[in-house]
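Comments concern the structure below.
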Amino acid sequence: MHVKSGDKVVVISGKDKGKVGKVLKASPKENRVIVEEVNMLTKHKKPMGPTEPGGIIKYEGPIDASNVMYYCDKDKQGVRIGYTVLSDGRKVRVCKKCGEVLDK
Ligand SMILES: [Zn+2]
């Protein structure tokens with residue numbers, strides 16, 4: 001996948017289009033990501049006794065990874081990702097727009 005957990009991404013389609021957030025979880029198998037404050041869902045929780053009063057819980061639902069783009073802090077926008085191999089043999093991601101190495 002082009003994004004992974006901890007990445008800053010921008011949503012490019014859907015109801016949260018334009019939102020920028022951090023990837024909380026990436027599931028490469030399903031090609032889905034969970035992004036901070038994006039696709040917020042609510043769940044009603046039943047009271048489970050005096051210590052757990054219940055109520056409404058908000059949580060992020062997964063979205064398709066193709067709906068997000070890596071957000072480059074330098075470009076201040078969603079960018080395409082390229083790959084390059086460093087002199088020490090590490091394969092890292094780079095911003096295709098400004099050339100910044102994204103994997104430190
Ligand atoms: Zn960039």
Side-chain angles (χ1 to χ4, degrees):
M1 286 212 301
H2 61 296
V3 292
K4 60 184 183 186
S5 165
D7 282 352
K8 200 171 177 183
V9 295
V10 57
V11 181
I12 52 169
S13 70
K15 68 181 168 91
D16 289 312
K17 189 176 174 178
K19 269 196 188 174
V20 176
K22 206 172 82 177
V23 176
L24 300 175
K25 198 177 171 229
S27 310
K29 255 191 201 163
E30 292 107 49
N31 204 39
R32 286 170 97 74
V33 289
I34 293 174
V35 184
E36 200 174 34
E37 297 290 313
V38 168
N39 194 24
M40 293 307 290
L41 306 172
T42 53
K43 190 160 72 178
H44 295 269
K45 189 171 176 272
K46 279 186 199 156
M48 300 286 280
T51 53
E52 284 185 65
I56 294 169
I57 299 169
K58 285 196 155 200
Y59 66 103
E60 286 97 348
I63 57 169
D64 206 281
S66 62
N67 288 343
V68 301
M69 276 182 100
Y70 192 96
Y71 184 86
C72 179
D73 277 321
K74 261 188 157 177
D75 299 310
K76 303 267 179 258
Q77 60 176 281
V79 294
R80 290 189 176 278
I81 300 279
Y83 293 91
T84 191
V85 178
L86 298 179
S87 52
D88 62 6
R90 273 198 306 142
K91 192 182 175 193
V92 293
R93 296 176 301 169
V94 292
C95 170
K96 274 198 174 176
K97 206 168 179 69
C98 67
E100 181 88 344
V101 174
L102 307 170
D103 293 310
K104 298 285 190 282

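We count ligands from 1, going down the list as the structure has it; atoms in each ligand are counted the same way.
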Tell me if the [atom1] atom of [X] is crowded by more than 12 foreign heavy atoms within 6.0 Å.
{"X": "Lys22", "atom1": "NZ", "result": "no"}
{"X": "Lys29", "atom1": "NZ", "result": "no"}
{"X": "Lys45", "atom1": "NZ", "result": "yes"}

Would you kindly confirm whether Met69 and Val33 end up in one hydrophobic cluster when ILVMFWY residues are joined by side chain heavy atoms under 4.5 Å apart?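 Different clusters.
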
Please list, in chain and residue-number order, the protein N/O/S atoms closer than 2.8 Å to the Zn ion (ligand 1).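 Less than 2.8 Å away from the Zn ion (ligand 1) sit Cys72 SG, Asp75 OD2, Cys95 SG, Cys98 SG.
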
Okay, side chain of Glu60, backbone of Glu37: is any donor-acceptor separation there less than 3.5 Å?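 Yes, the answer is positive, given that a donor and an acceptor are paired below the 3.5 Å cut-off.
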
Ring-face cation contact, Tyr59 with Lys43, 6.0 Å cut, 45° max: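 Yes.
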
